[in-house]
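What you see below is based on every heavy atom in this structure, not just the backbone, and it leaves out hydrogens, waters and symmetry mates.
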Amino acid sequence: MQEQAPPMRRGRKRALADTTPRRTVNYRQLRNPFTPQNVFSQDEVAELHATSLRVLRELGIKVLLPEARDLFAAAGARVVDDMVYLDADIVDAALATAPKSFTIHGGTAPREVVMELGTLSFQSGAGAPNVTDLKRGRRPGALRDVEELTQMVQHFDAIQMLSPGVEPQDIAPEVRHYAFTKAQLTLSDKVPFVFSRGSEQVRDCFEMIRAFRDLSEAEFRAKPHCYTIINTNSPRQIDIPMAQGLIDFARYGQPSVVTPFCLMGAMAPVTVAGALVLSHAEAMAAITLTQLANPGAPVMYGSFSSNVDMKSGAPAFGTPEQVKVSLGTGQMARHLGLPWRNAAGCAANINDAQAAHETEISAWGALMAGATVIIHAAGWLEGGLSVSYEKFITDMEMVQVMAELCTPTAADEAAMAFEALKEVQPGGHFFGCAHTMERYASAFYAPVVADWSNFGTWTERGALDASTRATALWQEIVATHKPPANVTPERLRALNAFIAARTAEGGAFPVS
């Protein structure tokens, strides 16, 4: 639970602020109250699923990791060189063992996140090589940026899980995963992300999480404590690190979020239905691999699909086609019964009206599609080439409003306000009635960065636009950040000792 009114609101007087109740909300565990919207009929969904199975049976999928091909072959798949051909019975058997619900545990109990159809979690913009803010400009991502973005994510309960926000390029690749994981563990108690870049790196990260949370090996394997994202190489290929990640995470009982990246007209057919067939086929193949490695391993269905600008080939987001494919993906996920991940998106180059529109439309499509997780909901720019500090803050307005829509709305006798209606005479107002005075400080959502003052007041205060106001907000968040309660001196010393010892051994190079 948190007080919804943010601590750094500026220039707004609060009468009786100390004597009236503050509004509290729970953004940590959300359920989507909206009926998922459909774009296809049930017959069409069945045909899309059947066509995806036909793709796996007749066209196959290229699997570059020999160990993965061996698992497929042992299950009865036809393997020809590096091509794997899957019959429906193999896929169906694997899907039957994939859990329909599981819980990922954060560093503290209130941070656990349930993954099943109907729950909802948000993640910030992820996977960017660059960052940008109005103070320091656009630049390659560095460890300092990882740390600051982690502090910002920790500040907002409406972002329930950490993401691979930005790549710390100032850290050598063979030790980068130590610095990244340390930042997550020491600056946040939310569910951490682990890159899938080879078994040795993955085991290092698992050991860091396990030891930092005082878990035995058996306790770590018994429950999910982190997650990874597995991107297939569309069309129809699973590369070595991704296949190895699927196997490693499954065997350790940690979830993979299987996410084909299908841009219509580029890595996927130009039609919504064609892109869905490809994405669904790739997702089922990867999910099958997790279950062959460890039946019952937690796994999430995923998709990240949109269209490209057919004039330039550049990705486009917030488009009608992206919303349609999101709605269709939700139907395919529900056809399988699995929790699933979708994405917002933004191709704009700065935090402007285009950026806000694209992110909000695409996020709304994911919300209406019934996504379990919505990634890239805050901060994403340039089609994923950059994360913006200011856009993170302004996007949080959208994320928190969506979270608000998932909270219950009272309709009891007090909420129906008959006594207030009785008190206020026709033509009067409700500003000073008892019902309002008892509730005014906690009645409504208070914005993060929006300014509701009139033009004259706004001008007197410096006529600051939203991005400028956002700069002050993220600076205050970073300056006032405090480590979560589960970060103790003993845990920190042990973590640093592990990193020092592994670094002295040469670290672990990523696998490509």
*Verify side-chain hydrogen bond (donor to acceptor under 3.5 Å, both in side chains) between Ser388 and Asn351, making sure each step is shown before the conclusion.*
CA-CA 8 Å; Ser388 161; Asn351 187 31; 5.1 Å; no

*asked:* Using 30° and 60° as the class boundaries, would you call the ring planes of Phe304 and Phe261 parallel, tilted or perpendicular?
replied: parallel

*Determine yes or no for a side-chain-to-main-chain donor-acceptor pair under 3.5 angstrom, with Glu44 supplying the side chain and Ser41 the backbone.*
yes

_I'd like to check the side chain to side chain donor-acceptor pair (under 3.5 Å) partners of Gln354; sequence neighbours left out, ordered by chain and number._
Glu358

*Measure from the side-chain N and O atoms of Ser386 to the backbone N and O of Glu382, and report whether any donor-acceptor pair falls under 3.5 Å.*
no

*Answer yes or no: is there a donor N or O on one side and an acceptor on the other, between the side chain of Thr394 and the main chain of Lys391, under 3.5 Å?*
yes

*asked:* Between Thr228 and Ser196, is there a side-chain donor-acceptor contact under 3.5 Å, judged purely by atom types and distance?
replied: yes

*Pairs where residues 319-335 contributes a residue and the test salt bridge (Lys or Arg N to Asp or Glu O under 4.0 Å) is met, not counting sequence neighbours*: none

*Any side-chain donor-acceptor pair under 3.5 Å between Ser124 and Ser163?*
yes

*Side chains of Tyr445 and Gln400: do they bring a donor and an acceptor to under 3.5 Å?*
yes

*Determine whether more than 12 heavy atoms belonging to other residues, nucleotides or ligands lie under 6.0 Å from atom CD of Glu413.*
no

_Is it the case that the side chains of Ser467 and Glu390 hold a donor-acceptor pair, with the cut-off being a distance below 3.5 Å and no angle test?_
no

*Charged N to carboxylate O under 4.0 angstrom, Glu148 versus Arg144?*
yes

*Considering all heavy atoms of both residues, which atom of Ala98 and which atom of Val299 are nearest to each other, and what is their separation?*
CB-CG1, 3.9 Å

*Euclidean distance, Phe206 CZ relative to Phe220 CZ, rounded to 0.5 Å*: 5.0 Å

*Under the side chain to side chain donor-acceptor pair (under 3.5 Å) rule, what pairs show up with a residue in residues 335-345, not counting sequence neighbours?*
Ser326-Asn342

*Would you say the side-chain atoms of Asp189 and Thr108 include a donor-acceptor pair closer than 3.5 Å?*
yes

*asked:* Quick check: do Phe102 and Val114 have side-chain heavy atoms less than 4.5 Å from each other?
replied: no

*Consider only side-chain N and O atoms of His155 and His481, and report whether a donor and an acceptor are under 3.5 Å apart.*
no

*Among side-chain atoms of Ser453 and Asp451, is any donor-acceptor pair under 3.5 angstrom?*
yes

*Could you label the plane-to-plane angle of the His376 and Trp380 rings as parallel, tilted or perpendicular, counting under 30° as parallel and over 60° as perpendicular?*
parallel

*Between Arg210 and Glu219, does at least one N-O distance fall below 4.0 Å, as a salt bridge requires?*
no

*Could you tell me whether the side chains of Glu404 and Tyr27 share a donor-acceptor contact shorter than 3.5 Å?*
yes

*Please lay out, stage by stage, how Phe193 and Phe195 fare under the test ring pair (Phe, Tyr, Trp, His ring centres under 6.0 Å).*
CA-CA 7 Å; Phe193 169 85; Phe195 286 104; 4.9 Å; yes

*Is Arg139 close enough and on-axis enough to Tyr389, meaning under 6.0 Å and within 45°, for cation-pi?*
yes

